[in-house]
Amino acid sequence: MDLVTALGQAGLGRGDLAGLAVTPDGTAAVAIAGAGWSTAASEVARVDETLRPRWVTWSQETAQRLALAGVRPATCWDVAAVHRLLFGGWRADPGWAWAHLRGLPLDGVPVAGPQSAGEADLFDAAQEHAAAQSGPSGATPDAEHPVEPDGYLRQDWTRGGWEDTPDRVLAWARLALEAAQSQGATLAGSSDGGLAVATARSESTIELLCAELSADGLPMDRAVAEQVLTGIIGPRPRGDAEAAQMRAVRDAVVLRLAPAGVTADLRSPVQVRSLLAAAGVDVPDTRAWRLEEFRESHPLVAALLEWRKAERIATTYGYAWLDEHLGSDGRLRGAWTGSDGAAGRMTASNGLHNMPAAMRQAVVAAPGHVLIRADLGQIEPRVLAAVSGDPALAAATAADDLYLPVATQLGVDRPTAKVAMIAAMYGQTTGHGGQAGRRMRAAYPVAMAYLDSADRSARAGRDLRTYGGRLVRMSGGDRAPAQADAARTAARGRYGRNALIQGAAAELFKMWAVTVRARALPLGGRIVLCLHDELLVHVPREHADATARLVGDCLAETAARWSPGGQDARGARVRFIADICAVRSWADAK
DNA sequence: GATTTCACGTA
DNA sequence: CGTACGTGAAATCC
């Protein structure tokens with residue numbers, strides 16, 4: 001009997017949990033209550049298309065292995081992602097997550113997984129060693145049981161030693177299922193269980209998207225990228241000598257504006273500070289925002305700031321960057337994570353999240369395709385309205401430009417209203433209060449109380465939870481020093497209020513993104529970039545309009561589920577808006 | 001050689 | 001008008 005039939009007969013239906021483990025070579029195991037199968041990744045795809053269960057995985061690694069085999073499941077429950085939601089922080093290896101679920105003392109967890117690239121080699125060596133030791137007939141006693149008598153996961157399993165026999169792969173899948181069921185029960189019992197479970201699902205499925213983003217990459221035109229670089233730092237040098245000479249030429253442009261006889265290594269902040277002092281500019285450090293006020297009066301400063309721009313491109317986003325990360329297929333690739341350690345935003349490496357704006361013109365759809373660019377408008381104040389349940393602020397979200405009704409309400413102009421709102425959300429350090437600030441308290445007391453509460457808790461070292469249920473740890477670690485001075489205490493308060501807004505915005509964004517991922521697939525649409533409040537979807541040109549509409553529809557649906565409002569005591573419905581357009585190049589947006 | 005600091009790109 | 005992240009080079013630590 002094939003797997004689809006067997007699972008169907010076993011009663012596995014849409015959305016039901018099914019444990020899934022995949023070995024590096026693409027062999028899979030599927031576990032449901034009371035039964036399990038060893039199979040090929042391609043069978044996982046067939047089951048997904050016909051029965052569409054929610055696959056339970058330990059971490060994004062499973063999705064990465066599936067993506068290599070061309071398998072892209074619709075949904076999952078990722079134990080690591082849900083662990084980060086429930087318990088905060090970044091660490092989420094199986095042994096660590098398991099100990100949390102079982103309520104075991106954390107100092108007893110046997111050995112952490114690899115925490116840095118530097119340890120990867122040791123980790124691999126340990127894996128090989130374990131595999132060599134077990135051998136064809138050398139299974140150690142209890143090797144088939146991943147759980148120790150004391151309740152912790154066995155060290156050889158958490159290190160990856162489960163991959164050597166089909167039975168062990170299956171046991172690992174079964175254990176993931178068990179972990180997920182435990183996590184689900186915990187979430188369902190939390191204060192807003194419905195939202196928490198929904199958040200756990202989107203935070204999980206984002207891990208599938210991350211694996212796909214890493215595998216697919218961002219479409220980029222190498223010739224355009226090289227043109228951009230040529231315009232800023234000159235043509236590609238032919239060798240190290242030429243590169244050094246071009247650097248020297250760029251340096252000379254700045255240094256000839258220095259006082260006679262004075263020179264410096266422009267790459268050394270200490271020497272730059274001395275150089276500036278010799279030119280009559282006395283600054284405590286040489287950061288751009290500090291130098292900005294001297295740009296007009298001192299040509300040396302202006303030249304230095306221009307030099308810094310070019311130097312940034314040359315060192316971080318130059319030809320070496322293209323050579324290293326832009327594939328011969330015209331895709332820029334980096335690793336993606338579904339949630340960072342603080343508020344749970346997505347992160348990406350290799351410059352995907354901090355590419356200079358000038359380079360956007362090189363981000364171009366493939367022939368016959370377009371990019372649908374969608375970015376959320378004024379996401380943070382709208383999120384504040386939703387998570388705090390402030391009826392007056394919720395009413396203001398009806399406007400396309402939220403700051404206009406806020407300005408009217410406060411009796412100030414729009415720029416003042418905007419500054420007052422942002423100061424309230426993130427905590428100002430200068431010019432405390434002010435008239436606009438006092439009026440904010442009067443006009444939006446519920447929202448302000450929400451922020452004040454977050455600020456107080458954070459300063460006191462009490463943990464916070466975002467609207468969707470992510471734990472933001474403020475206790476322990478150096479985030480809450482016993483003898484905090486006033487400045488550090490205030491910084492913790494700002495961190496806390498920011499984490500609740502940024503974190504909730506990230507949760508809404510990810511729920512939107514996984515919805516778009518699912519709905520755009522039949523049109524051939526693929527998300528190719530997530531940038532905190534902005535999505536890029538790569539889609540065949542003939543489906544451009546339909547995809548643009550779909551992205552907007554997905555936002556409306558997601559917002560309605562995420563922040564119901566209207567029919568209950570929460571008050572007015574919060575409106576979320578997105579600017580959506582179809583473009584050939586990312587730079588053409590707006 | 002590893003870690004910290006400075007600086008700056010993105011949101 | 002604050003927070004977050006990732007990166008690279010210099011400075012510093014061990």
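So that the names make sense, note that chain A is the first sequence line, chain B the second, and so on, each numbered from 1.
Of the residues in residues 349-356 of chain A, those with a non-hydrogen atom less than 4.0 angstrom from any atom of DNA chain B are A/H353, A/N354, A/M355, A/P356. If you check residues 526-534 of chain A against DNA chain B, the residues with a heavy atom closer than 4.0 Å are A/L531, A/H532, A/D533, listed by number.
For A/P405, the side-chain contact (heavy atoms from CB on, under 4.5 Å) criterion is met by A/A396, A/A399, not counting sequence neighbours. For the ring-ring contact (aromatic ring centres under 6.0 Å, His included) test, no residue two or more places apart in sequence or in another chain qualifies with A/Y444.
Between the side chains of A/T466 and A/E507, at least one donor N or O sits under 3.5 Å from an acceptor N or O. In the model, A/T286 has a side-chain atom that pairs as donor or acceptor with a side-chain atom of A/R308 under 3.5 Å. Between the side chains of A/W307 and A/D251, a donor-acceptor pair is found at a separation under 3.5 Å.
In this structure, the side chain of A/R84 does not engage the main chain of A/G88 through any donor-acceptor pair within 3.5 Å.
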What N/O pairs connect the protein and nucleotides 9-11 of chain C at under 3.5 Å? Give each pair on its own line.
| unit_1 | atom_1 | unit_2 | atom_2 | d |
| --- | --- | --- | --- | --- |
| C/dA11 | OP1 | A/S268 | OG | 2.7 |

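Using a 4.0 Å heavy-atom distance criterion, A/A357 is classed as a sugar-phosphate-only contact. Residue A/A343 is out of contact with every strand shown, counting any heavy-atom pair closer than 4.0 Å.
Counting heavy atoms from C-beta outward, A/W586 and A/V528 have side chains that stay 4.5 Å or more apart.
The six-membered or imidazole ring of A/Y467 lies near that of A/W562, with a centre-to-centre distance under 6.0 Å.
Protein chain A touches strand DNA chain B; the 5'-most and 3'-most nucleotides with an atom under 4.0 angstrom of its non-hydrogen atoms are B/dC6 to B/dA11.
Rounded to whole Å, the distance from CG on A/D340 to P on C/dT3 is 15 Å.
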